[in-house]
Amino acid sequence: MSNIPSELKYATSHEWVRLESDGTATIGITEHAQGLLGDMVFVELPDVDDSVSVGDDVAVAESVKAASDIYAPVSGTVVEINEELEDTPELVNSDAFGGGWLFKVKLDDASELENLLDAAGYASSIDED
Amino acid sequence: MTNKTVLHAKHLASGAKMVDFYGWEMPINYGSQIEEHHAVRTDAGMFDVSHMTIVDVQGTDAKVFLRRLVINDVAKLTVPGKALYTGMLNEAGGVIDDLIIYFFSDTNYRLVVNSATREKDLAWMTKQAAGFDITITERPEYGMIAVQGPEAIAKVGTLLSAEERAAVEGMKPFFGVQIGDLFIATTGYTGENGYEIIVPETAAEDFWQKLLDAGVAPCGLGARDTLRLEAGMNLYGLDMDETVSPIAANMAWTISWEPTDRDFIGRDVLTAQKAAGDQPKLVGLVLEEKGVLRSHQVVVTEFGNGEITSGTFSPTLGHSVALARVPRSVKVGDVVEVEMRKKLVKVTVTKPSFVRNGKKVF
């Protein structure tokens, strides 16, 4: 069973969201998702200042095995991207909930977070996979 | 019903992630397939290939039977232990399987065929054997371990006695020798030096453990695929199948046209294809920018479309490479386009081989 931190919110499409103290949201993919994809070789990220809406395909995680779309779990404006992933995409494998974060969004509507799953909800959603 | 190799417990003990591979529960990786890939290119790695099918063909007619069955000519094999790579065709000239044949004597050969094609291979061989004085015997009581990489031979050497080491020392490529319990062959599927070792099931776990202790990294099917693709070696079912001529699968070099009176299965079809010159060909494709070429992507060329048969990210090169079947007029050095995720991306055509002995070769 992979690690699912209780302080994060989750989308059924395997993104995690962490609400930061400055009101932005950091987004990544879960440990479970990186395990399914295998060794990451490229990560295509959105551009800073891009406007994203819930469900948009905004990034691509490409592993040795497959290319997988990453969907925006919340709406807002991209304020930062994880440039480390350009040279070290394997951070997504080794530290999915930390150094492997993908991008940060300034939220349009913080109440959207309530539509996401908590850790228990995500755990049961991946049990059904 | 899932088959397990004799090394199944060893894989679990090494933390393998297991997947179903044509009915066999096999390790896909032991953590990181890229690290396993690098272990083989820079040091030594090992693969459990016990799922592969070993078939002994023996009897008075063994030689004449195999000269009919496969496109290469086993009459070229005269030194005991010598092996050749070849294909077995149907009457329409399509590849039923690719295989290695070891020669022991004119009445004794050992074939190693793919596990995914085991049943149809055995059925085809049995059908073709009618009228020949031979026996076809599957040898499931053996395990097989491929040890590959620049340090593979030295590391295997530490497990052998001085006498045994002398027996394998300096063995040329595509050769095998029986040493006690072990059949050690200088074959492989990675483009590196190393051995494929056939070991009795009862001794397989112990031998695997000794290799682990000697510092050989266990490697899964994931690394096996990226290594073979970098080496430009075909994978049956992707790069060729029963609908594909060996001429269209970079296997023409395994066809022995001489002597002209050798009537191998598919010969008339291949002869006509060769005369017509209209078969597509298998080439390499190199993508230097971001992205990974994948099987079944369309290749757009000025001579018509082709298709990627297998593609991957090359851990050695740091970018994507692929094998693709394209119109014969496409040349090495041409720039063609691949349809990737709804965009056309430019790629360069190369010979279908990318890495040998750790080095870029295109």
Side-chain angles (χ1 to χ4, degrees), chain A residues 1-3 13-14 29-48 50 52 55-72 81-100 102-103 126-127 129, chain B residues 15-21 26-41 217 219-230 235 238 287-297 308 310-322 338-343 345:
Chain A
M1 193 64 217
S2 60
N3 177 30
S13 48
H14 308 297
I29 64 168
T30 65
E31 193 171 301
H32 175 73
Q34 69 77 24
L36 292 178
L37 285 167
D39 287 318
M40 215 57 69
V41 293
F42 298 114
V43 181
E44 261 182 62
L45 295 173
D47 292 323
V48 169
D50 277 3
V52 301
D56 288 356
D57 52 341
V58 290
V60 181
E62 185 130 27
S63 70
V64 176
K65 206 160 78 183
S68 181
D69 287 321
I70 294 163
Y71 302 97
I81 59 172
N82 186 355
E83 289 174 2
E84 298 270 317
L85 299 181
E86 175 78 24
D87 292 326
T88 49
E90 62 271 22
L91 283 173
V92 176
N93 296 114
S94 60
D95 194 11
F97 294 116
L102 301 178
F103 58 96
I126 59 180
D127 272 352
D129 275 2
Chain B
K17 183 175 176 189
M18 306 298 284
V19 295
D20 177 75
F21 181 77
M26 298 299 288
I28 183 80
N29 64 57
Y30 301 80
S32 165
Q33 75 173 82
I34 290 184
E35 282 171 26
E36 292 159 24
H37 179 108
H38 291 314
V40 171
R41 287 278 179 250
C219 301
L221 293 176
R224 189 168 163 80
D225 191 53
T226 51
L227 288 159
R228 71 92 195 166
L229 222 164
E230 285 185 351
L235 175 59
L238 283 182
L287 174 67
E288 304 258 8
E289 59 184 276
K290 267 194 182 183
V292 180
L293 303 166
R294 308 278 183 192
S295 298
H296 308 304
Q297 285 170 340
I308 290 182
S310 43
T312 192
F313 174 77
S314 158
T316 305
L317 301 169
H319 56 71
S320 183
V321 298
V338 174
E339 207 176 304
M340 289 176 68
R341 297 172 65 80
K342 296 170 209 150
K343 284 183 292 192
V345 177

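Letters A, B, ... mirror the listed sequences (proteins, then strands); counts begin at 1.
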Contact leader toward chain A among B:Val292, B:Thr312, B:Thr226, where contacts are heavy-atom pairs under 4.5 Å: B:Val292
Basic-acidic side-chain contact under 4.0 Å: B:Arg341, A:Asp69: yes
Nearest heavy-atom neighbours spanning B:Lys290 and A:Val43: NZ-O, 3.2 Å
Minimum heavy-atom distance A:Asp39-B:Ile34, with the two atoms named: OD2-N, 2.8 Å
Check: B:Lys17 side chain, A:Gly35 main-chain N or O, donor-acceptor pair, under 3.5 Å: yes
Chain A contact via B:Ser314 - side chain, backbone, both or neither, heavy atoms under 4.5 Å: neither
